[in-house]
Protein chains: 2
Amino acid sequence: MASSIHDLARHLNISIGTVSRALNGRADVNADTRQRVLDAAAKLNYSPNQSGRSLRRGATHSIAFMLQPHPGDQQYGEPFFIPFLTGLQAKLAESGLDLIVVMGAPGDYQQERLRRVVETRRADAVVLAWTRREDERIDYLTRVGFPFATLGRSRSGGKSYPSLDLDFEKAGAEAVDRLVARGHRRIAAIRPSLSLNFGYLFLAGYRKALGRHGIEVDPGLIAEGFINEAGGYEVTPQVMRSKDPPTAIIFNNDAMALGGCKALAEMGVKPGHDIAVIVIVDTPLCSYFSPALTAFRPPLEPMGRRLAEMLLASIPAFAGAEGARIIREVWPLELIARDSD
Amino acid sequence: MASSIHDLARHLNISIGTVSRALNGRADVNADTRQRVLDAAAKLNYSPNQSGRSLRRGATHSIAFMLQPHPGDQQYGEPFFIPFLTGLQAKLAESGLDLIVVMGAPGDYQQERLRRVVETRRADAVVLAWTRREDERIDYLTRVGFPFATLGRSRSGGKSYPSLDLDFEKAGAEAVDRLVARGHRRIAAIRPSLSLNFGYLFLAGYRKALGRHGIEVDPGLIAEGFINEAGGYEVTPQVMRSKDPPTAIIFNNDAMALGGCKALAEMGVKPGHDIAVIVIVDTPLCSYFSPALTAFRPPLEPMGRRLAEMLLASIPAFAGAEGARIIREVWPLELIARDSD
DNA sequence: CGTTTTTCCGTAAACGTTTACGAGAACACA
DNA sequence: TGTGTTCTCGTAAACGTTTACGGAAAAACG
């Protein structure tokens, strides 16, 4: 099973150097010999040992995505990533790169696992998600000079690394606009910790839009919970018990909305009927919920592909002739109107 | 950043051999020297290059989990895995092993990616999920003699590899028993393709229990759909439009149930009121749905830990003194009674 | 035919580890 | 003092690649 380049060379009676050159498509090898090598490689089922190759080349030809069970939760956060990873992997594969997903241990917010990946040189670059406003991972990676890209931004938004984010601020504002246009003025916002940057951005858009409409921000209508079903469930009653309860709620993600709607149901409040509900980040859940939830849909698969491009473009070793460059993009979210608002 | 064992050796004025032995805890190195090496390693922030180590040792010290966007769907299937992977990773980490998750390209059912992992020796073993009744991946891995374990069984259920599965057959039967005890006799089953082994097992249990209760199996009450929301949504109306419609439905998983309930709602049928609903595999979705869905909950995180143990026990290089052995286990599913039945 | 260029290939070093082997020093023992 | 044992360490080979270098043969050119 473990056929090495030596086996190939012995089998063909030529030197390993020639075999390697033939396999790697170098110019200085006769067309005949190349073909013989290729045939033999197919016959012997040869494929290069990754460790040997990485060691020699000083590159692993793989990119790591850091996947983290979110603090305070083990279940949520990942269905979101699957289409994204599909796009990421597809684009990386076009450049002959492997995508590996590294599971973080719960709790340490990836510092330990990230260090491990970097220090043992398991990947040539990493992709981060769940970016925080102050993100120690970003600091670490820039400090040690390890290539990376982020899905999401951090506060500094430094120009030193590529990032692709969604325009949560605009989505927050648009949600408010839409609700105000439908006559709502008591609009609640259920969001995760502001340390998560998308929560921060959402709230900024929410505030700005309310201001634009001359509506005063009522702190009693803003609540923070864990970014999962339990969080939404726990926190929604708080805003509903406000002296002057909301007639509409904007949830920062689908899981919180699900929990929130559960709480509403228990209070006898029906979304789309007694109260308007809008969700910022759409998943299939939203469309199959009853009532179907109006939500902002991110184009996850294209985002994955794009971030792969941006990452590769930022790394000299992978960037083509035009040289490395840092790209930062913010994509709009598209509202899918359904039955809940 | 790239401090190697040579840097350490030069810095301490000793040979690289000694450094390596000190780092690896070998006996033939003086206690003083060992300490000096350890200190220097910490100071220089040394950690061994993974490629070099793998090359020399002939082992990567990492285990690959094959993650696959399910055919016909990009969004579903993965929240299920997160707690499982958390357990898997935790246990592997105790043995100094890394868990990497390898994304399959959509469509090829992992064959191509799996071959790549195996042939380039990227991992020492792999873990498979979504086992099919006839599983080409299992055939391939056994044929080439690559170590692996499965979450789920295949038809053959060969004794050659460790596997951990849930007792879907018993759960299917228990669901029927429960519904019959509550007076139902027209019980529908919504399931995925029988090529997926858990779908097959579920149906077997369903049939067996019906037989035990002297209820004839009505093919019109059994429907097959894609294992996602869309599948449940599409297929549920079929059984409802049966001449003699069901008074209860058992869904084979949460996503199908979600889609099915959507379809029911559109038909004006209310789960837990007009019809009983039971879900075989529980996720947080089920408890936050309205009404909360009665479901069978798998202990995912312990399953991950256990499968890691079983995998390691099956590999001579990792098994302790007692030698390698193949363990196969089937765990019960626990019913969580909620409001839908 | 002599010279230069091109084509093709073998040699060997290097990447960063681990480890078998052997040797010097220290020590124990008679 | 001589012999044997135990500690400790250095040397060097090996893992499977890639690639710089050089050289032999073939081709091109005058």
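Source: prediction; values computed, not measured. Just so we're on the same page: letters track the sequence lines, and every chain starts at 1.
Screening A:Arg133, A:Arg137, A:Arg132 for a salt bridge (Lys or Arg N to Asp or Glu O under 4.0 Å) with A:Asp135, the sole residue that qualifies is A:Arg137.
In this structure, CD in B:Gln50 is found 10.0 Å from OG in A:Ser54, a value given to the nearest 0.5 Å. Summarising the geometry, atom CD1 belonging to B:Ile138 is positioned 12.5 Å from atom CZ belonging to B:Arg143; distances are rounded to the nearest 0.5 Å. For the atom pair OG (A:Ser3) and NE2 (A:His11), the distance works out to 10.5 Å, reported to the nearest 0.5 Å.
Checking side-chain atoms of B:Ser62 against main-chain N and O of B:Ala123 turns up no donor-acceptor pair under 3.5 Å. In this structure, B:Ser20 contributes its side chain and B:Gly17 its backbone to no donor-acceptor pair below 3.5 Å.
The side chain of A:Thr33 contributes an N or O atom lying less than 4.0 Å from OP1 or OP2 of C:dC9.
By the salt bridge (charged side-chain N to carboxylate O under 4.0 Å, His left out) test, B:Asp39 is found to be paired with no residue, residues two or more places apart in sequence or in another chain being considered.
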Would you please test A:Arg113 and B:Asp98 for side chain to side chain contact (heavy atoms under 4.5 Å, CB included) and show each step?
CA-CA 9 Å; A:Arg113 302 287 296 168; B:Asp98 284 329; 3.4 Å; yes
Start with the C-alpha gap between B:Gln35 and B:Asp32, add the side-chain angles, then the distance that decides, and say whether side chain to side chain contact (heavy atoms under 4.5 Å, CB included) holds.
CA-CA 5 Å; B:Gln35 197 51 54; B:Asp32 275 0; 5.9 Å; no
Using the side chain to side chain contact (heavy atoms under 4.5 Å, CB included) rule, take B:Leu23 and B:Leu38 through it: C-alpha gap first, then chi angles, then the decisive distance, then the call.
CA-CA 7 Å; B:Leu23 257 22; B:Leu38 260 31; 3.7 Å; yes
Kindly determine whether B:Val101 and A:Phe65 satisfy side chain to side chain contact (heavy atoms under 4.5 Å, CB included), including the steps that lead there.
CA-CA 9 Å; B:Val101 180; A:Phe65 177 85; over 6 Å; no
Quick one: which protein N/O atoms are closer than 3.5 Å to N/O atoms of nucleotides 25-28 of chain D? Pair and distance per line, please.
none

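For the segment residues 8-22 of chain A, the set of residues with a heavy atom within less than 4.0 Å of an atom of DNA chain D comprises A:Ile16, A:Gly17, A:Ser20, A:Arg21, in numerical order. Within residues 23-32 of chain A, the residues having any heavy atom under 4.0 Å from DNA chain D are, by residue number, A:Asn24, A:Arg26. Listed by residue number, B:Leu55, B:Arg56 are the residues of residues 50-62 of chain B with a heavy-atom contact under 4.0 Å to DNA chain D.
A salt bridge links B:Glu301 with B:Arg305: the distance from a Lys NZ or Arg NE/NH1/NH2 to an Asp or Glu carboxylate oxygen falls below 4.0 Å. Contact check on A:Arg115 versus A:Glu112 returns no salt bridge, with no Lys/Arg side-chain nitrogen under 4.0 Å from an Asp/Glu carboxylate oxygen.
With contacts defined as side-chain heavy-atom distances shorter than 4.5 Å, the pair B:Phe81/B:Leu151 qualifies.
If you take CG of B:Asn49 and P of D:dT17, they are 17 Å apart, rounded to a whole angstrom. Straight-line distance from the NE2 atom of A:His6 to the P atom of C:dT11: 12 Å, rounded to whole Å. Counting to the nearest Å, the C1' atom of C:dT17 and the CZ atom of A:Arg121 are 12 Å from each other.
More than 12 heavy atoms of other residues, nucleotides or ligands sit less than 6.0 Å from atom NE2 of A:His61.
For the helix from C:dC1-D:dG30 to C:dA30-D:dT1, the angle separating the two terminal helix axes comes to 50°, with each axis derived from five pairs and the value rounded to 10°.
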